[in-house]
2 protein chains.
Amino acid sequence: MADTLTDRSQKILEAIIEEYIATAQPVGSKALTRNLGIKLSPASVRNVMAELEELGYLASPHTSAGRIPTEKGYRFYVDTLIRVNDLNRRQKDQIEQQYGKHGLQMADMLREASRTLSAFSNYTGLVMVPRLKATIFRHIEFVKLSPCLVLAVFVTQSGLVQNKLIEIEEDLTPRDLEKITNYLNQTMAGLSIQEVRARVVTEMAQEKDLYDHLLRRALALSSAALVDEVTGDIIIEGTSHFLEQPEFADLKCMKRIIQTFEQKSILVDLLDRGLETEGVQVIIGSETEYSELSDCSLITAAYSGKSGTLGTLGVIGPNRMPYSTIIPIVDYTANLISRLLDTDKD
Amino acid sequence: MADTLTDRSQKILEAIIEEYIATAQPVGSKALTRNLGIKLSPASVRNVMAELEELGYLASPHTSAGRIPTEKGYRFYVDTLIRVNDLNRRQKDQIEQQYGKHGLQMADMLREASRTLSAFSNYTGLVMVPRLKATIFRHIEFVKLSPCLVLAVFVTQSGLVQNKLIEIEEDLTPRDLEKITNYLNQTMAGLSIQEVRARVVTEMAQEKDLYDHLLRRALALSSAALVDEVTGDIIIEGTSHFLEQPEFADLKCMKRIIQTFEQKSILVDLLDRGLETEGVQVIIGSETEYSELSDCSLITAAYSGKSGTLGTLGVIGPNRMPYSTIIPIVDYTANLISRLLDTDKD
DNA sequence: TTTTGGCACTCAACCCAATGGAGTGCTAAA
DNA sequence: TTTAGCACTCCATTGGGTTGAGTGCCAAAA
């Protein structure tokens, strides 16, 4: 089907999509021949447009308006037509600068990444915070808050700090805690959290009637400290850019989208999808499979530390997004973050 | 000036404000006599309204519309007319329930507070994260990430965990770090951060040519770990409620407000103002002294742990807010948080 | 066979005038 | 002092007319 498009049809489709992305107005045949590099008459263009509409790449809001791209149109554009320019040196430097001033801490870095994505794309930036299980154990520390309450502070290889309150039944002396801490730090260092968790489970099973009380407690504590987060967290920046989009002028629809953002879980799911994919991924409209976001598109890419993929980041906006300029921004940011996480601290 | 208002004028002003809060429509004399408990004729009401407008409590968008309250009107309403009903048992229970399911961790609790404020008020919830200097030192821990990079993890009395990356010049052995940790935890426990900081400074000055290397390093490390955050952090939830307000239907103005939220610094300043005030504080429109928020009002209250005031929380919305129902929600939430912080962990 | 000019047609957007109605201020009567 | 009555104002809504961008189709040109 898509293959049957002639060269000329593709050129016209591309021109229409780019014009529509730039203006947010339905494009007519005349505008195309006037401004863009189409050296055909409006009438010929009209024929092609009618054909493209027939095939589902374009749609017309009403008879006497121009055409706008359908999702299928955008998809074809992104898959085949698009010409992605790499960022030039200056742009790369500008993006990179944003991370210099900040402390080197991971959480700050991810927040900055989201901000930068938003600022450079003029849409909304998304960064998924690494899931615990994707990270590598570096250090754990227990701070006793009360006789039956212990705070576990937990540092991953890449410098992410997580903490968790644990209720315990039996009182542990600071001495006990120290021993437990030492034991865990020595045994578990360098393992991925998944491995640590697995190991704790098997050891606990093996040594059910463990006479070594301390070991048992150590395992119990670490098991409690490392329970998986039910749901990932996500950093959203630049929601206000949505208010600039003419397609969301309707407050009803606007509100639905912003609420979806606040709720986060849907975005978490969408970013999760990019975890296994190499390079930049584009999700267009109903491909999200959420009706709330049927008019939104995402451009995402995975980032990684030395332990492999940690999470994904990206940009969300209306379907009518300048994909060709945003894709390299997302791509570069993901690589930059990966680089920073890799070199910084170890 | 305000004192010259007769009883009757006040009743009418109150009725107008409450009607306007409920409907968002300018209130006319007829509507007042029909629906509300005013047993005067429209003509009499009109006289009073004209008088109230003269005095600056009301304004009319144009000649043939009803009246709407001015900021002065709202201020008088909040200061004198308002009847704040306490929450009933059921409402209190409902609010309290929100905190049960969650872990007991402070950060989660504050986030939940913001969510709850938003959900129960139908406006936007704000919670200021305690400033470091307002908290009490409980425990510090150093994790060595690389030869010249140390992660300081730092727990306050109330269970807030902060962490900070520190670059060091000289390599410290794990043994050194442990000693330093012990020293600091023993000397500083129970002091407020301000005190700790002061103490570190004086000690460092005193013992300039300290032969005890370790102590000097300890002080240097803790000094680096406890530098004040330049700017406080704030948790915002329920921004989408702003999209429901008819007064912000204009996208331009809407965008300005949401951008102000994203930037956070202005909100931090506004919440800061409530730190020294007892009870609930209301800031109306231009009282914020920020033109971006000249159509917004805040209802805030301070919350505290056992070490005294920790921060503030509240609700932000349009000037036309149902103050009488939101004030008790903010009040109760602040008290609840204070109670939870006080009892939970020590 | 493909392209193009011409032409009739469609339809949203815009403008404009007329209408209706809610609300006001004022005055005179109760 | 309160109220009924009345003239007046002005926004919001409605509906008709016009405009203009764009379309589809057909016949002529290339």
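Side chains are part of it too, since the values below use all heavy atoms of this structure and drop only hydrogens, waters and symmetry mates. In what follows, every chain begins at residue 1, and chains take the letters A, B, ... in the order their sequences are listed.
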Atom [atom1] of [X] and atom [atom2] of [N]: how far apart are they, to the nearest Å?
X	N	atom1	atom2	answer
B:His62	C:dT24	NE2	C1'	11 Å
B:Leu40	D:dA4	CG	C1'	14 Å
B:Asn47	D:dT3	CG	P	10 Å
B:Glu53	C:dG25	CD	C1'	12 Å
A:Gln25	D:dG20	CD	C1'	14 Å
B:Ile68	C:dT24	CD1	C1'	16 Å
A:Lys30	C:dG6	NZ	C1'	12 Å
B:Ile12	D:dT2	CD1	C1'	12 Å

Touch class at under 4.0 angstrom, heavy-atom based, for [X] against every strand present:
X	answer
B:Thr63	sugar-phosphate
B:Ala43	base
B:Ser29	sugar-phosphate

Nucleotide of [options] approaching [X] most closely (side-chain heavy atoms):
X	options	answer
B:Ala50	C:dG25, D:dG24, C:dT3	C:dG25
A:Arg46	C:dG6, D:dT2, C:dG25	C:dG6
B:Ser64	C:dT4, D:dG24, C:dG21	C:dG21

* To do: May I ask you to test the A:Ile258-B:Phe242 pair for a side-chain heavy-atom distance under 4.5 Å?
  =>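 In short, these two side chains do not touch, never coming nearer than 4.5 Å.
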[X] side chain to [Y] backbone, donor-acceptor under 3.5 Å:
X	Y	value
B:Glu247	B:Pro318	no
B:Glu244	B:Ser240	no
A:Glu262	B:Thr239	yes

* So which one's nearest nucleotide on DNA chain D is more toward 5', A:Pro26 or B:Ser41? -> B:Ser41
* Given DNA chain D, 5'-ward residue of the pair A:Ala65 and B:Val45, judged by closest heavy atom -> B:Val45
* N or O in side chain of B:Arg67 less than 4.0 angstrom from C:dA22 OP1/OP2 ->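 B:Arg67 to C:dA22 OP1/OP2: no side-chain N or O under 4.0 Å.
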